[in-house]
Novice: 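Once you've had a glance at the structure underneath, I'll fire off some questions.
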Amino acid sequence: MLVDEASLAGTARLDWLTQHANTSGAVVRLLGDPYQLSAVETGGAFRLLVDDIGGPELDTLHRFHDPDEAAATLKIRHGDSNGLHYYEDNGRITTGSGPHLLELAYKAWDHDTTGGLASVIITSTEADARALNTTARTARIHTGAVDGTDQVHLHDGTHASEGDIVITRRNDRAIRTTRGGFVRNGDHWTVTTTTVGGTLTVTRSGETVELPAGYVSDHVQLGYAVTAHRAQGITVDTAHVLVDDTATRESLYVAMTRARARTHIYVPTNHELSIDAERPPAVRDDPRVIIAHAISRSIAEQSATQVHRRQRFGSPTSSRPTDRRRGLYQHPTIRWTPQSASP
């Protein structure tokens, strides 16, 4: 059994999977990057396994067209703010007020997609993603790219109609596509038909599927903008990343490693901070300091085992770690945990 994007797998789910594998005579193998975002539920198991068991790791990044950009993302991965020099030197950082940046990000995305590039807008919050999705849809209705009539209600309060780009947010093997596949969480589609009953017919790369009304109302949203959690695992040509006070090292690293050709960063300045914002007023107008602050904030979840080790030994890997890192310890079901520096 191969588990991709294993950092997003909750501990309870991995436990169930390994137990099932044991009873079936199977082996679980994990693929992912422990420096990316963790599971929404209780997590940290993948990072624990990487620390204890280790595994093969890619040492060359193949996604990026520019090797210097690849090197910059590796610095961010390890919390080094010097990785920002690449984006500064190449004019990839734009500042301004929050609403203005939303507009700029959309226009840049529209320019890229009109030119035939695969592009995505990545935000830190669902609220910004919803605002950008609404902005994009309204603009596309005005240009005629989207038919604003016969719209279908989506789960987050937005609507979709013919021409809209949507994203499915739940795996459903019962909903089969014309190529024999099934609907997956994170797939992007273009709407071709809507019905009064709330169903959507969607397509991508010649593959078509009809999404039932119940699935649409519960598990479909507009796909012009997504959060970093939703972006993890996708690959595009260009990405437009909005950084705010909630951004962390993991979310920024994921967002800045989605695009092959170009990633552009948008940083809000000259605005009032929320009452619980961690960023001090003195740095609110300096985009580099704002991004560096995000890089310094890690929310990587640790397993209970690692927390216990830290409390007892002062390190999350201090419980007989030497033998384990040498490969003398092996989980009975999980044989190796490959990790990728280029997700």
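Quick note: residue numbers are just sequence positions, from 1. In what follows, every heavy atom counts, from backbone to side chain, and hydrogens, waters and symmetry copies are set aside.
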Novice: Could you tell me if the side chain of Thr178 sits less than 4.5 Å from the side chain of Thr203, heavy atoms only?
Specialist: no
Novice: side-chain contact (heavy atoms from CB on, under 4.5 Å) with Val120: which of Ile234, Thr113, Thr238, Ile167?
Specialist: Ile234
Novice: So which pairs with a foot in residues 98-131 pass ring-ring contact (aromatic ring centres under 6.0 Å, His included), sequence neighbours left out?
Specialist: Tyr106-Trp109, Trp109-Tyr224
Novice: I need the Asn90 CG to Glu69 CD distance, nearest 0.5 Å.
Specialist: 8.0 Å
Novice: Taking only residues two or more places apart in sequence or in another chain, which ones pass salt bridge (Lys or Arg N to Asp or Glu O under 4.0 Å) with Arg140?
Specialist: none
Novice: For a quick check under 3.5 Å, do His153 and Ser217 share a side-chain donor-acceptor pair by atom type?
Specialist: no
Novice: Report the distance from atom CG of Leu17 to atom CG of Asp15, rounding to the nearest 0.5 Å.
Specialist: 9.5 Å
Novice: Ignoring hydrogens and geometry, is there a side-chain-to-backbone donor-acceptor pair from Arg92 to Ile265 under 3.5 Å?
Specialist: no
Novice: So which heavy atom on Leu242 is nearest to which on Leu102, and how close?
Specialist: CD2-CD2, 3.4 Å
Novice: What closest approach, in Å, do Ile290 and Pro268 show between heavy atoms, and which atom pair accounts for it?
Specialist: CD1-O, 3.8 Å
Novice: Evaluate the side-chain proximity of Arg258 to Val254: yes if any heavy-atom separation is below 4.5 Å, no if none is.
Specialist: yes
Novice: Pick one: which of Thr193, Thr177, Thr201 meets side-chain contact (heavy atoms from CB on, under 4.5 Å) with Thr208?
Specialist: Thr201
Novice: Give a yes or no on whether the ring-centroid distance for His85 and Tyr87 is below 6.0 angstrom.
Specialist: no
Novice: Applying a strict under-4.5 Å side-chain criterion to I, L, V, M, F, W and Y, I'd like to know whether Val236 and Ile121 cluster together.
Specialist: no
Novice: Check the surroundings of atom CZ in Arg176: do more than 12 heavy atoms from other residues, nucleotides or ligands lie under 6.0 Å from it?
Specialist: yes
Novice: Tell me whether Leu211 shares a hydrophobic cluster with Leu222, the cluster being built from Ile, Leu, Val, Met, Phe, Trp, Tyr side chains joined at under 4.5 Å.
Specialist: yes
Novice: Please, which pairs that meet ring-ring contact (aromatic ring centres under 6.0 Å, His included) have at least one residue in residues 198-219, sequence neighbours excluded?
Specialist: Tyr215-His219
Novice: Looking at Arg288 and Ser81, what are the two nearest heavy atoms and their distance?
Specialist: NH2-O, 3.3 Å
Novice: Applying ring-ring contact (aromatic ring centres under 6.0 Å, His included), name anything that partners Tyr86, two or more places apart in sequence or on another chain.
Specialist: none
Novice: With a 4.5 Å cut-off on side-chain heavy-atom distances among I, L, V, M, F, W and Y, is there a chain of contacts connecting Met256 to Tyr253?
Specialist: yes
Novice: Please list, chain by chain and in numerical order, all residues satisfying salt bridge (Lys or Arg N to Asp or Glu O under 4.0 Å) with Asp112, sequence neighbours excluded.
Specialist: Arg262
Novice: Output yes when a side-chain donor or acceptor of His264 lies under 3.5 Å from a complementary backbone atom of Val241, and no otherwise.
Specialist: no
Novice: Provide the closest heavy-atom pair for Ala231 versus Ile122 in the form atom of the first, atom of the second, distance.
Specialist: CB-CD1, 3.8 Å
Novice: Please check if Trp16 and Val28 belong to a single hydrophobic cluster, counting links between Ile, Leu, Val, Met, Phe, Trp and Tyr side chain heavy atoms closer than 4.5 Å.
Specialist: yes
Novice: To the nearest 0.5 Å, how far apart are NE2 in His159 and CZ in Arg137?
Specialist: 7.5 Å
Novice: Let me confirm one number: the OG1-CG distance from Thr135 to Leu132, rounded to the nearest 0.5 Å.
Specialist: 6.0 Å
Novice: May I ask you to say whether Glu126 pairs ionically with Arg130, meaning some side-chain N is under 4.0 Å from a carboxylate O?
Specialist: no
Novice: List the residues meeting salt bridge (Lys or Arg N to Asp or Glu O under 4.0 Å) with Asp187, not counting sequence neighbours, and say none if there are none.
Specialist: Arg204
